[in-house]
2 protein chains.
Amino acid sequence: MADSIDISKRALILRTAARLFRQNGYERTSVRQIAEALEMTSGSLFYHYASKEDLLVAVMEEGVRDVLAAVSKGLAGEARLPERVLAMVQCHLTALLGPNLDALTVMMYEWRSLSPPAHQRIMKWRDAYEALWAPPIGEAAALGLVDADTVLVRQTVLGALNWSGQWYRPDRRLGVDGLALRMFALLFPRLSERLGASVDRDRGSVDALGPMRLGTVSSEA
Amino acid sequence: MADSIDISKRALILRTAARLFRQNGYERTSVRQIAEALEMTSGSLFYHYASKEDLLVAVMEEGVRDVLAAVSKGLAGEARLPERVLAMVQCHLTALLGPNLDALTVMMYEWRSLSPPAHQRIMKWRDAYEALWAPPIGEAAALGLVDADTVLVRQTVLGALNWSGQWYRPDRRLGVDGLALRMFALLFPRLSERLGASVDRDRGSVDALGPMRLGTVSSEA
DNA sequence: GTCTATATGCGGATAGAC
DNA sequence: GTCTATCCGCATATAGAC
């Protein structure tokens with residue numbers, strides 16, 4: 001594999017650990033197993049990471065940092081509300097279902113294995129990530145386009161999106177972008193109707209020009 | 001506590017194990033800890049359950065059996081589609097956020113710790129439960145009231161509902177029934193509009209009489 | 001940086017007395 | 001049914017040679 005040549009040793013260890021932690025669970029994965037997968041002995045691993053927990057924290061931290069960066073970037077690239085939220089959904093799913101699947105799955109499943117200080121660090125990252133969703137959801141709520149309980153909306157949306165890591169398998173019929181469009185339409189129907197709409201400046205409200213149906217609802221009229 | 005008097009020993013052990021498995025995780029909970037919480041020694045526990053894994057399987061099996069029974073009952077009590085789906089959401093959340101929280105959380109988090117035969121048993125229960133959702137979602141899709149990809153709808157809905165076990169805390173402002181109504185409206189907006197509507201028998205289609213807004217969307221007109 | 005060898009403790013599970 | 005005592009293996013982590 002040409003792609004594993006230029007990676008630093010620490011990064012390679014991290015990827016391997018993330019994969020095994022997701023496949024077998026953190027507690028059931030031994031340091032010896034990780035070392036074996038890397039064709040080393042367990043003693044060598046501790047030269048790079050001081051403890052097994054350090055490895056777990058590093059896996060989670062990299063995962064959440066990546067998704068935070070991806071969604072921040074997607075959010076910044078779109079000016080209008082419906083497109084902005086769609087971009088967030090797309091970036092979230094692209095990161096989650098792509099190269100960060102292992103790390104983010106581990107983060108969802110294994111946070112109870114963290115010691116209190118490590119737990120606090122990771123929760124700060126998670127809170128920072130969730131905070132990205134507050135402004136757009138708040139805007140949408142103020143416009144009456146989602147439920148007014150913005151915490152409920154955020155938890156429902158993130159719960160549904162994150163769960164996709166458990167069942168989604170890449171498929172030429174429904175790629176990640178297609179999945180993102182459909183989940184966006186399902187979770188934000190009233191924003192979805194307004195994709196591509198223009199802003200009526202006089203009244204400050206939003207009107208649909210051509211409501212996109214995304215081909216998801218068939219027997220309408 | 002008067003409520004812990006009439007419970008069989010096996011059931012008491014099960015409840016205690018479920019609580020500790022959820023709090024600390026399965027692998028990090030030792031048999032000695034469970035025994036200590038029950039004021040026994042670890043040797044005594046093995047008289048009631050042959051292995052730690054038997055305990056895990058029993059916890060999961062009771063949890064999924066309870067939610068299956070609850071949702072089956074809710075489903076049978078309602079004739080019309082919108083009310084039927086709402087009843088399923090309500091029963092699911094009532095079971096999940098009530099006395100089965102420990103067991104169902106353990107089931108979500110710890111299924112990778114099951115041996116292959118145990119895993120197969122539990123997956124059969126899970127599949128049986130998910131199969132309950134197929135007919136109503138299929139009906140709604142046929143009527144164009146949800147996305148036509150019924151698998152996507154089911155996974156999205158169950159992902160969002162199950163995630164509520166991670167963040168919902170009972171509150172007098174929003175009880176479980178209130179939560180159920182709002183999540184139903186969020187996940188099935190077009191069914192929610194049709195709550196309480198009558199059936200137009202001539203055309204076989206569904207028309208809204210008085211669309212209930214559930215007080216969730218404020219700035220509409 | 002990686003190895004071998006090992007310290008040290010805790011895990012699930014069992015045997016047999018009571 | 002519950003106890004005490006114990007078997008035995010595997011876990012993380014360390015020490016020190018190379």
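Values below: every heavy atom of this structure, side chains too, minus hydrogens, waters and symmetry copies.
- The side chain to side chain donor-acceptor pair (under 3.5 Å) test applied to Ser30(B) returns no partner, not counting sequence neighbours.
- Every salt bridge (Lys or Arg N to Asp or Glu O under 4.0 Å) that Arg121(A) has, sequence neighbours left out, goes to Glu61(A).
- Qualifying side chain to side chain donor-acceptor pair (under 3.5 Å) partners for Arg65(A), counting only residues two or more places apart in sequence or in other chains: none.
- With sequence neighbours excluded, the residues satisfying salt bridge (Lys or Arg N to Asp or Glu O under 4.0 Å) with Glu139(A) are Arg84(A).
- With sequence neighbours excluded, no residue forms a salt bridge (Lys or Arg N to Asp or Glu O under 4.0 Å) with Arg32(B).
- Atom CD of Glu36(B) has 12 or fewer heavy atoms from other residues, nucleotides or ligands within 6.0 Å.
- Residue-to-nucleotide proximity on DNA chain D shows that, of Ser30(A) and Thr41(B), the 5′-proximal contact is made by Thr41(B).
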Side-chain polar contacts of residues 88-97 of chain A - donor-acceptor pairs under 3.5 angstrom, sequence neighbours left out - could you list them?
residue: His92(A); atom: ND1; partner: Tyr129(A); partner atom: OH; Å: 2.4
residue: His92(A); atom: NE2; partner: Asn162(A); partner atom: OD1; Å: 2.8
residue: Thr94(A); atom: OG1; partner: Gln90(A); partner atom: O; Å: 2.7

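- With sequence neighbours excluded, no residue forms a salt bridge (Lys or Arg N to Asp or Glu O under 4.0 Å) with Asp66(A).
- The nucleotide range of DNA chain C contacted by chain B, defined by atoms under 4.0 angstrom from heavy atoms of the protein and reported 5' to 3', is dG11(C) to dT14(C).
- Taking the side chain to side chain donor-acceptor pair (under 3.5 Å) definition, one finds that Ser44(B) meets it with Thr41(B), sequence neighbours left out.
- Contact check of residues 45-63 of chain B against DNA chain C (heavy atom, cut-off under 4.0 Å) returns Phe46(B), Ser51(B), Lys52(B).
- Against DNA chain C, the stretch residues 106-117 of chain A makes no heavy-atom approach under 4.0 Å.
- In this view, Ser113(B) and Glu27(B) satisfy the side chain to side chain donor-acceptor pair (under 3.5 Å) rule, not counting sequence neighbours.
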